[in-house]
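To keep things clear, I will list the structure first and then write my remarks on it.
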Amino acid sequence: MCMTTAARPPDPRRVRARREAIAALKAQRAEAARFRRSVTLMAMSVVAPGSAQLVAGHKKTGKIALGIYGGLLGVTALVLWLVPLQDLAGLAVRPWLLTAFKLLAFGVAAAWVVLLLDAWRLGHPPGLNQKHRLIMIGATLALAAMVSTPFVVAARYATAAHDAVVEMFPSGEVAAASDGRLNILLLGVDAGDGRVGVRPDSINLVSIDVRTGEPAMISLPRNLENARFADGTPADDEFPRGFSGDGEGDASDYMLNATWTFGEENPELFEGPSGPGPTAVKQAVEGTLGVPVHYYVAVDLQGFRDIIDAIGGITIRVNEELPIGEKGRVLEPGLQELDGYHALWYARSRESSSDYARMARQRCVLGALVDQADPQTVLSNFVDLADASKSVITTDIPQQDLANLVGLAMKAKDQDITSLQFVPPLIVPADPDIGLIHDEVDALLDGDAKPAPSESAPSESSAESEEQPADEPAEQPAGEPSEDRPSEDRPSEDRPSDESSEEPDDEPRDEPSQDEDDPADPVEMSSACSYE
């Protein structure tokens, strides 16, 4: 007889535990799938906005977003491929285009953020556990900031550029080039406390060949007397033999750098959109050099250092020890990285140097600024540079000509600057030979002038002076102030003595020498300069 054992019924507790484990595993897998889906949708929205909506079933929204995104990428690629860089730079100074770009940037940023939030919604965040919800919230906010920041920054740059263009550059007629060259007058002006009117501290004419971009720079001393005004102007009729007081008044009131103030005081002689002061200087430079002056750019030297600081400083090779104050501080010889404060002192220091050496240093600062303001540096400091420029620069360059000038500047940037300085012994500032000046300018602009072997920023104190015995005065060059009369090359008595004084007092106080020097070969006609 065979006996069998009856099967035991399953333990309800074990069955329930098994079922709960299986349910928990399924829930865990479902949660992981939902989380992966949410992450995937977010990633798709970052890579290709609209793709998340397309795969989630919102095909219409997805197609529209992807179409716009693809169109923007295509247009951007074509523009970068087909449009030269100088043309792109020219587009960046058109106010209407800057406004449109700003609105487009804000619009793209906002739309992208909305698509990211919608992708987060499509990922069913309520179905996620608390940990995954918090992760997705943080990821969504971080990704929204990541995709929108470049567009917000671009919009900020566009706003800064728009405001700078509108505030700095007026609307007006575009000047036509003369003999294939465009001539722009660069002025460093002072109108600080204690100074009477505005007096240009540095006067340089930049002439650019509009075909090749080849630049030339012509420098005039601020203490030049008997400047001629452009033919046919009321000022030329008023001063047919040159800008002078006919022996009346202070001689410094009739130097070249006094023409701005004279124009402001006699606006009836200098009518024009540029204003009487700038128009007076333009006409005086035009008549003296014998070439038309199309535009002017005046830089307030009190704020010039802000522009230097905005691009991170400049590198200058200091040839000799140069005093930068009245407390024994100096710039040491050698390659120096100068911030705005020290760069301005380098350009304007008068102690132990002549006015003509300062002209060379100022031209070197301008050259270093142009040479070292590369696109990367300008872009990285663009907002600060635009803000500084608005308060420092005045000009009559019209907005309508900016695009052309930007392209011309990019052509000129990589070329050597040929320069010509009208200083002794080439001319006698107290009695300049205007015919000689015209001949030298024509030779320079026609390409017939021969550059000097090197420039290297003329030394601040000449070798001849160093060789003079201590008890014998050095020979006084023509046009230089002598020891027995006020000199603009010595510190003025009213200059602040504390270290916080930012610039030397540049009010001209010298009476020009009447000594005549034989005009010899031109000095300083070279593209080399003391910056690297």
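For clarity, every value in this text was computed on a predicted model and none was experimentally measured.
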- request: Hey, could you give me each pair passing ring pair (Phe, Tyr, Trp, His ring centres under 6.0 Å) that has a residue in residues 278-299? Not counting sequence neighbours.
  value: none
- prompt: Going by the side-chain hydrogen bond (donor to acceptor under 3.5 Å, both in side chains) test, which pairs reach into residues 63-84, not counting sequence neighbours?
  reply: none
query: Mind checking what makes side-chain hydrogen bond (donor to acceptor under 3.5 Å, both in side chains) contact with Q53, not counting sequence neighbours?
result: D118
Which residues share a side-chain hydrogen bond (donor to acceptor under 3.5 Å, both in side chains) with N266, sequence neighbours left out: none
Within the structure provided, determine whether [X] and [Y] are in side-chain contact (heavy-atom separation under 4.5 Å).
X	Y	value
R94	L98	no
D433	I427	no
I203	L187	yes

- prompt: Does E271 have any side chain to side chain contact (heavy atoms under 4.5 Å, CB included) partners at least two apart in sequence or in another chain, and if so, which?
  reply: none
Distance-only criterion, 3.5 Å: show the donor-acceptor pairs between side-chain atoms of residues 209-220 and protein atoms not counting sequence neighbours.
residue, atom, partner, partner atom, Å
D209, OD1, R211, N, 2.8
D209, OD1, T212, N, 3.3
T212, OG1, E214, N, 3.2
S219, OG, N204, OD1, 2.5

Looking at [Y], is its backbone amide N or carbonyl O close enough to the side chain of [X] to form a donor-acceptor pair, meaning the two atoms are under 3.5 Å apart?
X	Y	value
D309	G340	yes
W112	S45	yes
D339	H342	yes

Exercise: do T288 and R228 side chains pair donor with acceptor under 3.5 Å: no
query: Would you call the rings of F239 and F229 parallel, tilted or perpendicular, where under 30° means parallel and over 60° means perpendicular?
result: tilted
message: Below 30° counts as parallel, above 60° as perpendicular, anything between as tilted: where do the rings of F262 and F270 land?
response: perpendicular
task: Could you tell me whether R181 and D446 have a side-chain N and a carboxylate O separated by less than 4.0 Å?
output: no
- prompt: For atom CD of E268, is the number of surrounding heavy atoms from other residues, nucleotides or ligands below 6.0 Å larger than 12?
  reply: yes
